[in-house]
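Just so we're on the same page: letters track the sequence lines, and every chain starts at 1. Being a predicted model, the structure only gives us computed values, none of them experimental.
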Protein chains: 2
Amino acid sequence: MGASIKDVARRAGVSVTSVSRVLNGEKYVSQELLDKVNRAIEELNYTPSHIARSLKMQKTNTIGIIVPDLTSQFCSTILSSIEETASAQGYNLLVGNIAESMEKELRYLRVFQNMRVDGIIVMHQKFNQDILEFFEHASMPILFSSVKGPSSSYLSVLIDDYQAAFDATEHLISSGHEKIAFIGGDLADITSGFSRYNGYAEAMKKHGIEPDPRFVKFGDYKLPSGRRLMKEMLGEDEWPTVVFAASDDMAVGALNCALDHGLKVPEDMSIMGFDGSLITEVVRPAMTSMQQPVEELGKKSVEYMHHMIVNPEFTFDSDIILQHRLVERESCRPRLAHA
Amino acid sequence: MGASIKDVARRAGVSVTSVSRVLNGEKYVSQELLDKVNRAIEELNYTPSHIARSLKMQKTNTIGIIVPDLTSQFCSTILSSIEETASAQGYNLLVGNIAESMEKELRYLRVFQNMRVDGIIVMHQKFNQDILEFFEHASMPILFSSVKGPSSSYLSVLIDDYQAAFDATEHLISSGHEKIAFIGGDLADITSGFSRYNGYAEAMKKHGIEPDPRFVKFGDYKLPSGRRLMKEMLGEDEWPTVVFAASDDMAVGALNCALDHGLKVPEDMSIMGFDGSLITEVVRPAMTSMQQPVEELGKKSVEYMHHMIVNPEFTFDSDIILQHRLVERESCRPRLAHA
DNA sequence: GTGAAAGCGCTAACAG
DNA sequence: CTGTTAGCGCTTTCAC
């Protein structure tokens, strides 16, 4: 349909080589040739085919990205940040939203492979055998962003989730709380499920506090599960003084539930979230949260990915750990020692 | 680097044609040949090159999509819905987040053109001359989703924004409000700026109510602008009884501001949003909003896009208008006639 | 400075 | 049923 480099060459009365040369801004071309070619390009409304070029160069300038759930604010924010640096580095983004389905994840991985993307960024953390095998055999670099990869042979860019949850819990303890509830994710998720729970549990242990099993529950990171789990807790005859959730969405769900039950937050109960997504600033009371450096997460992910693409020999001996930061807002309040 | 179809052919001791045939699941292949080829594929860990195939077929099975702002919940939800149907139809998504920059939009459009995507879905509504020219000369179908395209030669899938805003305003009026404030978007945006404002204005006019200029303001659809504009209003010596915002984010910003000023919503003032994104269910009080059928918007957009791709002759004589729906929650309350 | 020609990995006549 | 071959649109030696 559209004009090809051949058409341009013919029209300009030069060889395709020359056209290619001006297309790629090479030096040794005469002004005259340059003008002729540019005129022909203009007249034919020609645009070079990235496809043909990719085939020849064995390079697509495209990064595939596996997103667990586009509707999650945390994911879309990080995606936005990834897009920003990727675009600045000249990469295009092929996105696969897998809606928590490993089948779909595998399908997208295969598509990315077929598409010969230059690299794959994975934001998902639950793998099955097929997926692991794919990673194993993949012919392009794979990097895990905001989650831990399945082994140390893959580079991960993320925070120390264990430490972050530990710090958060310890903060709560040091401000006088003891009855600290925990709403976690799936323990099969190393990063946001297991590590965060573990951080909570170890901090409790360190301070000699036995977590009350009635107040340790697990959801799916999404808002409704926070609401549901909070409701269960409020059904008990005793309540925690603070609820620490492993995602902001669950924390907000818990908050909504508490509010709808007529509780005052933080007067009657404190709530703390995890991730630091936008929603924490939007709800009232604004949500205290253990914040991930989303911008940096996206930026570093793409930078390292680029590095791995350009330099296939690149080896690393540790993950890239970014700093977490507790952002205190209104949903948490110290518990008075004598209360 | 990886094996090519030639390698497979050699290994299996057959011709490349035969390999191509089993790859594409054609009928007339003997069981024996099929087995040989499959074994070779397995052994070489071969995956077909989508690139080469695209070049040959002049079809990429890829749709490019221009997103105004990934961090907006409305956008990412619609993107998610688009992804879902696209993936079901066998299309992959190349996403360009343009962060409200027309320059970046143009860059992405050109990239999409070079990449020879099969079609482009645009969710942005502000165009300059270069962009319009691009649309004009583009060699692939272009469809506008949730916004109105620049002319009737492009297909748009969207709600009737004018009517929706009109209905919303009339609903407010019929429940006793007269001092109805309006927080709009940029009037240069036909769809969500101008049309919604116009719907508001016409409904007021129809009922003989003169909008108070102090209570008609324009922001950028984002939360902070709603907050800021609400603050300005609260600085006046008289207040509206209800604020109607042209986006949920601005409505929530207004809500936050009102709450932070000690107002009770909806007792002291009602607030209504537009879009019906998730956030409306999350804030307290939950936000009444004029809802767009997001799922359907995404689904229909891809379906029509597919149709246009498959059938280049496809013509249409009108846009695809989907139904809006007012979802009443707690942030709005009728105004008593005698108050 | 410029051009001819080979080839990236695949599909599709066409021939057998 | 199976194989030969000519491109798809580009880059890149290697000559001139």
Side-chain angles (χ1 to χ4, degrees), chain A residues 1-38 40-41 44-62 110-118 139-140, chain B residues 1-38 40-41 44-62 110-118 139-140:
Chain A
M1 55 178 49
S4 82
I5 195 172
K6 233 176 191 164
D7 301 317
V8 176
R10 195 175 311 131
R11 176 106 183 189
V14 302
S15 75
V16 292
T17 315
S18 294
V19 179
S20 174
R21 285 199 179 105
V22 346
L23 248 33
N24 296 297
E26 281 179 38
K27 317 177 58 162
Y28 304 110
V29 284
S30 67
Q31 185 63 43
E32 186 197 9
L33 190 148
L34 201 150
D35 289 344
K36 277 195 292 189
V37 170
N38 277 331
I41 287 179
L44 294 171
N45 193 23
Y46 165 79
T47 53
S49 162
H50 187 98
I51 305 269
R53 167 178 258 213
S54 291
L55 179 59
K56 181 68 192 174
M57 310 279 275
Q58 302 290 59
K59 175 139 183 11
T60 53
N61 292 305
T62 299
R110 292 204 211 281
V111 167
F112 290 167
Q113 163 87 262
N114 292 351
M115 295 260 219
R116 305 293 193 258
V117 298
D118 294 338
S139 55
M140 64 280 286
Chain B
M1 58 175 46
S4 83
I5 195 172
K6 234 177 191 163
D7 301 318
V8 176
R10 196 176 310 131
R11 176 105 183 190
V14 302
S15 74
V16 291
T17 314
S18 294
V19 178
S20 174
R21 284 200 180 103
V22 345
L23 247 34
N24 295 296
E26 280 180 37
K27 316 177 59 161
Y28 304 110
V29 284
S30 68
Q31 185 63 43
E32 186 197 9
L33 190 147
L34 200 151
D35 289 344
K36 276 195 292 190
V37 171
N38 277 331
I41 288 179
L44 294 170
N45 193 23
Y46 165 79
T47 54
S49 162
H50 187 97
I51 305 270
R53 165 178 262 224
S54 292
L55 179 59
K56 179 68 192 174
M57 309 281 275
Q58 303 289 58
K59 177 141 183 7
T60 52
N61 291 304
T62 299
R110 291 204 213 281
V111 167
F112 290 166
Q113 163 87 262
N114 291 352
M115 295 261 219
R116 304 293 193 259
V117 298
D118 293 338
S139 56
M140 65 279 287

For the pair B/T62 and B/R116, evaluate side-chain hydrogen bond (donor to acceptor under 3.5 Å, both in side chains) and give the outcome as yes or no after the intermediate values. CA-CA 8 Å; B/T62 299; B/R116 304 293 193 259; over 6 Å; no
Ignoring backbone atoms, test whether B/K27 places a side-chain nitrogen or oxygen under 4.0 Å from the OP1 or OP2 oxygen of D/dC1. no
Should B/Q58 be listed as having a side-chain N or O under 4.0 Å from OP1 or OP2 of C/dT11? no
Between C/dT11 (P) and A/N114 (CG): distance, integer Å: 11 Å
Tell me: CG of A/L44 to C1' of D/dG9, nearest whole Å? 15 Å
Dot-bracket summary - DNA chain D, pairs being Watson-Crick or G-U whose distances fall under 3.5 Å, with | when paired to another strand: ||||||||||||||||
D/dG9 P sits how many Å from B/Q113 CD, rounded? 13 Å
Could you tell me how far apart A/Q31 (CD) and C/dT2 (C1') are, to the nearest whole angstrom? 16 Å
B/L33 near the nucleic acid: base, sugar-phosphate alone, or nothing, with a heavy-atom cut-off under 4.0 Å? sugar-phosphate
Starting from C1' on C/dC8, measure out to CG on B/D7 and report it in whole angstrom. 12 Å
Whole angstrom value for the distance that separates P of D/dC10 from NE2 of A/H50: 12 Å
Where is the tightest heavy-atom contact between A/L55 and A/Q58, given as atom of each residue plus distance? O-OE1, 3.1 Å
Is any side-chain N or O of A/S30 closer than 4.0 Å to OP1 or OP2 of C/dG1? no
Length of the line joining B/D35:CG and D/dT2:P, which is rounded to integer Å: 11 Å
Any idea which heavy atoms bring A/A12 and A/K36 closest together, and the distance? O-CD, 3.6 Å
On DNA chain D, nearest-nucleotide positions of B/R116 versus B/V14: which is more 5'? B/V14
Which atom names give the shortest non-hydrogen contact between B/S15 and B/A9, and what distance separates them? C-CB, 3.8 Å
Exam field: side chain B/D7 to backbone B/S4, donor-acceptor pair closer than 3.5 Å: yes
Could you tell me the separation between the CG atom of B/L33 and the CG atom of B/N38, rounded to the nearest 0.5 Å? 9.5 Å
Compare side-chain N and O positions of B/Y46 against OP1 and OP2 of C/dC10 and report whether any pair is under 4.0 Å apart. yes
Between B/S54 and B/H50 (side chain of the first, backbone of the second, donor and acceptor by atom type, cut-off under 3.5 Å), is there such a pair? yes
Between the CZ atom in B/R53 and the CD1 atom in B/I5, the distance rounded to the nearest 0.5 Å is 9.5 Å
Any side-chain heavy-atom pair from A/V37 and A/V29 closer than 4.5 angstrom? no
For the pair made of OH in B/Y28 and P in D/dG3, what is the distance, rounded to whole Å? 18 Å
Produce a footprint string for nucleotides 11-16 of chain D: one letter per nucleotide, 5' end first; B if the base is under 4.0 Å from any protein heavy atom, S if only the sugar-phosphate is, - if neither. BB----
Below 4.5 Å, heavy atoms only, C-beta onward: do B/V117 and B/M140 meet side chain to side chain? yes
Quick check on C/dG9: is either OP1 or OP2 less than 4.0 Å from any side-chain nitrogen or oxygen of B/S49? no
